[in-house]
Amino acid sequence: GGGGGGLSASASSVLAASGISVEAVDGSASVALAYYASRSDEIEVWRDGKLERIFFEIPDICKYLSESSRLQVFAGTDVDEQGSKVPDFFSRVNTLFEEMKWQKKLKALPVLYWLATNHESWRRLALFYGLVLNFLVATFYPWSTNEPEVQQVPILVRRLIGAVSIFAVGYAVYALYLWLGDYLALRRQRDQAGAANHDAGVDQEHPAAGQASWWPSSSNGSTSSSTPSSLPSPTSAQLSPSASTTPTRTHEMVTAVQFLVVAAVLHLVAADMVPHAVAFLGTVQAINAALMLLGYLCNHMSHFIFHHSLSDDRLFLNRSNVIDIGALLRDGMTYYHVCYFSVSVLGLIWEWIKIDNSYPDEIDVGVLWYSVLLFDVVFSQPTLRNVIQSVTRNGMSIVLTGLFALILVYFYSIFGYLYFKNDFMLEASPGEGGEAQMEHACQSLLQCIVTTVNHGLRSGGGIGDVLRQVSVEDDMFAWRVLYDLSYFFIVIVIVLNLILGIIIDTFADLRKEKQERDEQLRNTCFICGLDRKLFDKQGSSFEKHCAQEHNLWAYLHFIVLLRTKDPTEFNGPESFVFNRIQRSPPDLLWFPRLACMSLSVGDKPDNEDQLERLNARLDHTCSLVNGLSDELHLISAQLAEGRHRSRRYSLEVQFNHGSNSLLGVQRQTLAESAEAGTPASRVSTGNSFGSEVPWSPFERDRRKGHAD
């Protein structure tokens with residue numbers, strides 16, 4: 001919503017779409033439109049080959065989505081092969097909708113709702129308490145409970161600590177004053193709004209008793225828009241800008257609690273009561289860990305329950321919920337919170353249960369459990385999580401490479417046991433105060449394997465650093481040199497560096513992926529995928545585009561509206577989108593892709609110009625290919641005709657050669673007949689034309705043509 005007499009961006013866009021000038025709106029109407037803007041939103045959808053803007057009412061249930069879930073969706077949505085985040089975002093809608101419904105049911109239980117909404121505060125306090133506890137243990141441990149007269153803190157340090165504790169108390173009171181002032185102001189606003197709603201006859205939970213019709217609006221160009229038929233009518237108290245929900249200063253509350261605890265701990269330390277300070281802070285940490293566990297379960301219980309509908313309510317708020325134990329046990333963060341609470345309790349009660357009696361009674365060993373709480377730093381810092389992921393992401397490759405190293409060590413152990421058994425002489429001490437002496441470390445194959453793994457992998461030069469140094473005159477000197485050098489190069493230099501290389505490459509990939517993800521979040525629209533540079537070239541604001549035109553949460557609100565609204569009350573665009581998302585699989589083409597209305601008005605974006613240039617080049621290339629294809633067909637025809645002529649000429653030559661041979665036979669036959677006195681007319685030459693030599697078919701056709 002807006003403040004005072006100013007209009008918000010959403011209200012101004014509604015007025016502009018409706019043809020109403022902003023100057024014509026008076027003060028009361030401005031406040032009313034500010035209220036409507038806080039309860040309405042807008043999106044752009046792709047319908048029938050063009051963009052349409054839709055104004056709609058934000059469902060009341062959408063306000064129950066937690067900030068942690070919003071951050072997880074915004075930063076953790078994956079990009080598909082086409083560079084779009086919409087498919088993964090749409091797959092998360094069901095989970096987000098279930099969380100909204102669960103949080104709305106949880107609102108009826110104020111204590112649990114308070115635990116759930118302040119889960120991040122409990123986490124910050126837990127990290128702070130863990131650091132302070134370990135600082136005290138590392139500085140003053142061990143302390144003796146049987147000698148309280150021994151002063152562990154110098155007087156000067158105690159005076160300095162006392163002064164710091166006074167400052168901590170003052171700052172805690174100031175932060176608590178800020179938080180309490182905001183809390184009381186918020187309660188007063190809610191009471192005033194409730195009284196105004198009661199006087200106006202409007203239900204506080206469902207202030208839709210009076211409704212005002214919203215007008216359909218159309219934008220210029222080929223776009224259109226549609227709005228819901230009605231929105232709840234605001235009361236006088238709700239119309240005021242101060243009636244909007246103002247979040248309390250949670251940070252100030254956490255800071256106040258931190259400084260109050262620090263002041264109490266410093267006061268106990270200044271009084272030379274360090275064990276009591278650790279016990280007090282450990283108790284506070286155990287209570288805070290319990291609150292953190294309950295807050296996590298309350299905040300994420302929608303992931304661990306079965307839903308069985310008992311009514312036809314589209315919100316499914318009246319349902320029987322059964323906890324899914326399997327899903328609860330498969331959740332890693334549940335194990336993390338349970339372990340954190342268990343360690344906090346063990347540090348507090350370890351000395352009472354007396355599990356380990358190997359230490360004197362005056363030494364408190366249980367406080368050392370608090371060192372495990374420092375691993376919470378890894379879970380709270382993304383950079384440290386990348387360090388862990390650099391080992392776990394390619395864990396199978398590391399395990400297989402380590403297995404290969406153990407196989408090599410096993411073979412070297414066998415060779416060492418067979419040929420260099422007497423060289424495994426290590427210096428060892430039998431006990432405290434005993435003199436060091438040499439002993440055999442390879443009396444069995446198992447002992448030889450353990451020695452090779454333990455000393456060979458930990459030594460910089462390999463197993464040769466711990467074996468007996470042989471003389472040059474020894475018969476096995478050359479083989480020992482080969483054994484030591486091969487172990488060093490193969491196992492130490494190659495295999496171990498392979499494992500290190502896998503970890504380093506994985507960490508580099510994680511860092512590169514994080515940089516690319518951050519760059520995409522800063523410079524790419526979540527919905528349409530347009531780049532910031534395109535808006536800069538067109539003189540538009542990329543931030544305004546992401547906040548108003550393609551707001552991620554506006555699309556979530558619209559999908560929730562379709563799931564909570566009666567289908568018989570849908571308008572045209574709502575029915576269009578509802579039919580698309582009801583398909584299996586859902587049709588997500590209604591999301592705008594590489595397009596928005598602010599860039600459609602005016603010059604075409606660069607990507608369309610590039611597409612036209614590419615189409616022109618493609619047409620030119622196609623024309624060239626067609627011309628080359630025609631020339632290729634012509635050359636093929638000419639080659640076929642040449643081959644035909646060559647074949648005809650060859651046949652003609654062969655026929656003429658056969659004719660000449662037949663003529664020679666005829667002449668020889670005539671000569672023999674003349675010598676024998678036989679008439680020439682009775683000599684058969686096998687020629688259908690008598691004694692006349694036949695022409696070839698080609699020659700006969702030619703002569704016939706000349707005769708004609």
Side-chain angles (χ1 to χ4, degrees), residues 1-20 22 25 28-45 51-65 70 97 100 193 197 202-219 223-241 243-245 315 527 544-566 569-578 590 592 596-598:
L7 285 176
S8 65
S10 300
S12 300
S13 62
V14 172
L15 289 177
S18 306
I20 301 177
V22 180
V25 180
S28 59
S30 175
V31 177
L33 287 174
Y35 167 76
Y36 282 125
S38 64
R39 298 291 303 273
S40 63
D41 220 327
E42 63 177 89
I43 62 171
E44 295 178 358
V45 299
L51 286 174
E52 294 186 4
R53 181 179 287 117
I54 301 176
F55 296 94
F56 61 94
E57 176 188 2
I58 300 177
D60 188 64
I61 195 175
C62 293
K63 66 182 180 182
Y64 294 101
L65 186 62
R70 293 177 182 269
F97 189 42
M100 295 177 190
N197 290 334
V202 179
D203 186 8
Q204 190 171 357
E205 283 294 328
H206 304 280
Q211 295 181 347
S213 299
W214 275 58
W215 56 91
S217 60
S218 60
S219 58
T223 61
S224 63
S225 64
S226 67
T227 59
S229 58
S230 62
L231 275 178
S233 177
T235 61
S236 58
Q238 290 172 326
L239 287 175
S240 62
S244 60
T245 302
L315 278 177
I527 298 298
K544 180 181 179 181
H545 166 75
C546 295
Q548 296 183 12
E549 296 176 347
H550 290 173
N551 191 305
L552 165 65
W553 310 117
Y555 283 86
L556 176 62
H557 298 163
F558 185 70
I559 297 175
V560 172
L561 173 68
L562 298 181
R563 296 194 176 189
T564 56
K565 190 175 181 180
D566 189 354
E569 298 180 0
F570 286 164
N571 54 27
E574 292 173 352
S575 299
F576 169 78
V577 176
F578 182 77
W590 59 275
C596 66
M597 296 183 67
S598 61

[X] side chain near [Y] side chain, heavy-atom distance below 4.5 Å:
X: Thr564; Y: Met100; answer: no
X: Cys62; Y: Leu556; answer: no
X: Leu561; Y: Glu574; answer: yes

Problem - Inter-residue atom distance Phe576.CZ - Trp590.CH2, 0.5 Å rounding - result: 9.5 Å
Practice task
Supply the atom-to-atom distance Ile61 CD1 to Phe97 CZ, rounded to the nearest 0.5 angstrom.
Solution key: 5.0 Å
Completion exercise
The side chain to side chain contact (heavy atoms under 4.5 Å, CB included) partners of Cys546 (sequence neighbours excluded) come to Cys525, Phe542
Practice task
Keeping the roles fixed (side chain from Asp566, backbone from Glu569), state whether a donor-acceptor pair exists under 3.5 Å.
Solution key: no
Exercise for the section: Any chance you could lay out the side-chain contact (heavy atoms from CB on, under 4.5 Å) test for Ile58 and Arg39, step after step, and finish with the verdict? Expected result: CA-CA 6 Å; Ile58 300 177; Arg39 298 291 303 273; 5.8 Å; no
Handout entry: Non-neighbouring partners of His545 that pass ring pair (Phe, Tyr, Trp, His ring centres under 6.0 Å), sequence neighbours left out
Key = Phe535, His550
Practice task
Provide the closest heavy-atom pair for His557 versus Asp41 in the form atom of the first, atom of the second, distance.
Solution key: ND1-OD2, 3.7 Å
Handout entry: Test log, rule side-chain contact (heavy atoms from CB on, under 4.5 Å), inputs Phe56 and Ile43
Key = CA-CA 9 Å; Phe56 61 94; Ile43 62 171; 3.8 Å; yes
Handout entry: Contacts of type salt bridge (Lys or Arg N to Asp or Glu O under 4.0 Å), residue Glu549, not counting sequence neighbours
Key = none
Problem - Verdict with reasoning, Tyr555 to Glu44, per side-chain contact (heavy atoms from CB on, under 4.5 Å) - result: CA-CA 9 Å; Tyr555 283 86; Glu44 295 178 358; 4.0 Å; yes
